[in-house]
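Side-chain atoms are counted along with the backbone in the values below, which use heavy atoms only and exclude waters and symmetry mates. Keep in mind the model is a prediction, meaning the values are calculated, not measured. Every chain is numbered from 1, with letters handed out A, B, ... down the list of sequences.
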Amino acid sequence: MAPSTTTDPFPGWDGTLAGARRLQAGLAARVSLEDGFHAPLRTVAGFDVGFEEHGAVTRAAVVMLDARTLQPLESHVARIPTRMPYVPGLLSFRELPALLEALAMLQHPPDLAVIDGHGIAHPRGLGIAAHFGVATGLPSLGVGKSVLVGQHLEPGPERGDRCPLLHQGRQIGWVLRSKPRCRPLIVSPGHRVCLDSAAALVPGWLAGYRLPEPTRLADRLASRRDHRRPARPPGG
DNA sequence: GCGACAG
DNA sequence: ATCTTGTCGC
């Protein structure tokens, strides 16, 4: 991929936590909630982060998939020194640099990026998936495993059942049942993806597991579980 | 002041 | 996130 398709993800950041929150507020104004991709998607890339050396090394994984068949086309792992601790609400300041390294390893950019974490379902509207989108210009959406902010009702028991995730009087995402008897996923737009599209796209990437394929495969690469444990077949 | 708090 | 095997329930 072109070496400099990504802009500085933290422009003007003074390194402080207060400065990080101010920067988020400013970057959030650049998020577009209108679809900025052409359907049908041809490629989708999943991203996730893991750690090594007791947290000293951040490990980001990317898996490029054929959006129609869900077959993996290409995958990479980027490893860089960890620079920040985990602070709720500031996840992107810890994990985004590694994700951008992984993105740069791809031969071509994906039509859309799926990131493990939240998009606009964030206190200041700039979760890691939204931050990734603004920094790269790529359409993106977040798939989280638990709520950071917002309220919601319990979605129905069937795959595809969903409820709006609301925060301060407006919808910021969806609570989606991706698999029966499993905790629902939190899906939210990152950048250049609208709420309805976020809800419509994810079910198309499900293959019998709780996590959609892009994120599930990236998760396995990021957290070495594939080197220690075999995969179990889908279904019941 | 107290509790909550993506990964 | 990470340390970690078997186990209970659908």
Give one of base, sugar-phosphate or nothing for [X], where a contact means two heavy atoms less than 4.0 Å apart.
| X | value |
| --- | --- |
| A/Gly127 | base |
| A/Gly89 | base |
| A/Leu185 | nothing |
| A/His54 | nothing |
| A/Ile186 | nothing |
| A/Val87 | nothing |

Point to revise | Gap between atom CD of A/Glu213 and atom CG of A/Asp66 - 0.5 Å precision | key: 12.5 Å
**Study point:** Reported CG-to-NE2 distance for the pair A/Leu33 and A/His191, which is rounded to 0.5 angstrom
**Key:** 9.5 Å
Point to revise | Electrostatic pair A/Glu53:A/Arg59 at N-O distance under 4.0 angstrom | key: no
Check your understanding: Is any NZ, NE, NH1 or NH2 atom of the basic residue among A/Asp116 and A/Lys145 found under 4.0 Å from an Asp or Glu carboxylate oxygen of the other?
Key -> yes
Check your understanding: In terms of the angle between their ring planes, are A/Phe10 and A/His131 parallel, tilted or perpendicular, with boundaries placed at 30° and 60°?
Key -> perpendicular
Review point. First and last nucleotide of DNA chain B touching chain A, 5' to 3', heavy-atom cut-off 4.0 Å?
Key: B/dC5 to B/dG7
Check your understanding: Looking at A/Leu96, A/Leu99, A/Leu141, A/Thr215, which one forms a side chain to side chain contact (heavy atoms under 4.5 Å, CB included) with A/Ile115?
Key -> A/Leu99
Point to revise | Rounded distance in Å - CG (A/Leu211) to C1' (C/dA1) | key: 15 Å
Review point. Can you tell me which stems DNA chain B forms when a stem means 3 or more consecutive Watson-Crick or G-U pairs under 3.5 Å?
Key: none
